[in-house]
Amino acid sequence: MSRQLLKGNEAIAEAAVRAGLQAYFGYPITPQTELLEYLSLRMPELGRGFVQAESELAAINMVYGAACTGARVMTSSSSPGISLMMEGLSYIAGTELPVVMVDVMRGGPGLGNLGPSQGDYNQIVHGGGHGDYHCLALAPSNVQEAIDMTAEAFDLAEQYRMITWIVIDGLIGQIMEPAELPPMQPLKTSYPDWATRGAEGGRKARLLKSFYVDTLEEEAVNIRMLKRWQEAREHLVRYRAYYMEDAQFAVIGFGSAGRIALSAVRAARAEGIKVGLLRPLVISPFPEAVVREVADRLEGILVVEMNAGMMLDDVLLATEKKTPVEFYGRVGGNAPLPDEILEEIHRLAKGPLTTSGHPRDRWFNRISKNN
Amino acid sequence: MQTEFVFSGFGGQGVMFAGQLLSYAAMDDGLHVTWFPSYGPEMRGGTANCVVIISDEEIGSPMVRNPKAAVVFNLPSLDKYEPLVQPGGLMVINASMVNREVGRDDITCVRVPANEIAEKVGDKRMVNMVMLGALIANLPIVPLSSLEKALREHLPQRHQRLLPANLLALKEGSVYLAEKAVK
């Protein structure tokens, strides 16, 4: 296969098709709509299921139903639409179903705006719906990663029986880049032993539910889910490191913020500042062991996000406040430009650095002088 | 080494496709490239722009504060990008739509009567190809032949009958050379 110039949203859609997506249910919302639009043509063309639902609530409950059959199902939306889906997602989690979700994040809270944002980090990584559950979340920062991660997301969702997210923002959704699509996989023909597909051959009926009146039974289900989460924490550690071999300082950022920081890191390197970049590819589970390990070797860390410091809290937990951490964020549907991050790297390299206080407070004090 | 381009104009002037065609050509030449559009509640007649970055290594930010080159299709785009182009950079200006001089002397400017040329070529929709031809003649990041090849391969099927006119428009634009070279 040769490289094609592909738009992020459409590339994810085609990658899902090639990974054996059997049914898609969604509702349009910018900056995600191209994904749904693409599948509205592509899925019927292949004789597969596509429904533009009447709302996000309907879409997520259609996903819930379809996932019960063990089929490969997906939906996509953007921040306000994702919020609407949270009840359904909690039910899907509680029923231990593999589902692939795509969130093309935009500015918020509320209806917000169409600009790129990472404001859904906490909603996706630390909860969203009610109850004790975790999701897997993959955070591509370019179109090729978006394709590769989408293809893998279906396998991970099935392996861990967990909701698996592709978390991007308007920037990665709208960008076009050269990328290569994987070959078309055949649709699955065998289904897991929990799938409700009609009691074929007179076998015993199966029941899928998220409703356990017996609290001890519910506790056992929760613990079963936690076991799978612990396995994911151990095995699903993915990140990309740039210029880290001799780094005294590091920028940590995921998705768009991570790739924008790469430009700043290169500019700083050109000035002789020994700074590297750590870009988590999986943000849930957060690669805390990796961050802890690199933090021990660093004089200071700069966390860059397109929110007010959500992953920052995970970095601080990982570093146990032993390494000085600073923060830079843009909020409300804005992305930083490389020169803004370069200025923060200068600040980091110049010092003085501290492990006391909170990096968010220092950042907020700096920006509130200009606003 | 990376080079950043902004294409800016009214929606409907072919600004987005001009950027895409450059991106296809760069991709086909084995380079890294990103194409990032302004997106949102856009409409015909509103403003539209896209940023194209071409590089020999993995591209970090797909957005840039100070592009190497700005291809401005109308006056509001000139007003917006004139202060932002890097010193030593290039502005390709659609002279048909701009009634003022450029204030900066630290950048190279090419004024192209793109609307008139497009009409002469036979279709006023070819403004974008005229501008792209002029851009590449003055900042040859990809050869003109790569753009021609990209045009043959990526012009939408419904527009293929316009291929000869598009190729001619590219060529007509490419004869507009600035007096001083881009640094």
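Residue numbers begin at 1 in each chain, while the letters A, B, ... track the order of the sequences.
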TODO: Under 4.5 Å heavy-atom distance to chain A, tell me which part of B:L31 shows up: side chain, backbone, both or neither.
DONE: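 For B:L31, the backbone is the part near chain A, not the side chain.
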- [ ] Answer with side chain, backbone, both or neither: which region of B:E58 has an atom nearer than 4.5 Å to a non-hydrogen atom of chain A?
- [x]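 For B:E58, heavy atoms of backbone and side chain both lie under 4.5 Å from chain A.
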TODO: Output the option from A:L277, A:T33, A:D339 having the highest count of non-hydrogen pairs under 4.5 Å with chain B.
DONE: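 When all of A:L277, A:T33, A:D339 are compared, A:D339 has the most.
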- [ ] Determine the option with the most heavy-atom pairs under 4.5 angstrom with chain B, choosing from A:N142, A:V143, A:L262.
- [x]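 The answer is A:L262.
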- [ ] Rounded to the nearest 0.5 Å, what's the gap from CD on A:Q174 to CH2 on B:W35? Could you check?
- [x]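 Between atom CD of A:Q174 and atom CH2 of B:W35 there are 7.5 Å.
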- [ ] Report the distance from atom NE2 of B:H154 to atom CD of A:Q4, rounding to the nearest 0.5 Å.
- [x]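 It comes to 9.5 Å.
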TODO: Side chain from CB out, backbone as N, CA, C, O: work out which of these in A:L171 comes under 4.5 Å of a heavy atom of chain B, or both, or neither.
DONE: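 When you check distances to chain B, atoms from both the backbone and side chain of A:L171 fall under 4.5 Å.
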Open item on the list: With a 4.5 angstrom heavy-atom cut-off, is it the side chain or the backbone of A:R106 that approaches chain B, or both, or neither?
Closed with: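 Nothing of A:R106, per the 4.5 Å heavy-atom cut-off to chain B.
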TODO: Write down the atom of A:M176, the atom of B:Q20, and the distance for their closest heavy-atom approach.
DONE: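 Looks like SD-NE2, 3.5 Å.
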Task: Minimum heavy-atom distance A:L5-B:M27, with the two atoms named - done: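 Nearest heavy atoms, A:L5 then B:M27: N-SD, 3.5 Å.
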Would you say [atom1] of [X] has more than 12 non-hydrogen atoms from neighbouring residues, nucleotides or ligands within 6.0 angstrom?
X      : atom1 : value
B:E153 : CD    : yes
A:Y239 : OH    : no
A:E343 : CD    : no
B:K180 : NZ    : yes
B:R100 : CZ    : yes

TODO: Select all residues of residues 60-76 of chain B having any heavy atom within less than 4.5 Å of some heavy atom of chain A, and report them by number, or 'none'.
DONE: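 If one takes a 4.5 Å heavy-atom cut-off, the residues of residues 60-76 of chain B near chain A are B:G60, B:S61, B:P62, B:M63, B:V64, B:R65.
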- [ ] Just jot down the side-chain hydrogen bond (donor to acceptor under 3.5 Å, both in side chains) partners of A:R269, sequence neighbours excluded, or say none.
- [x]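 If we apply the side-chain hydrogen bond (donor to acceptor under 3.5 Å, both in side chains) test to A:R269, skipping adjacent residues, the hits are A:D246.
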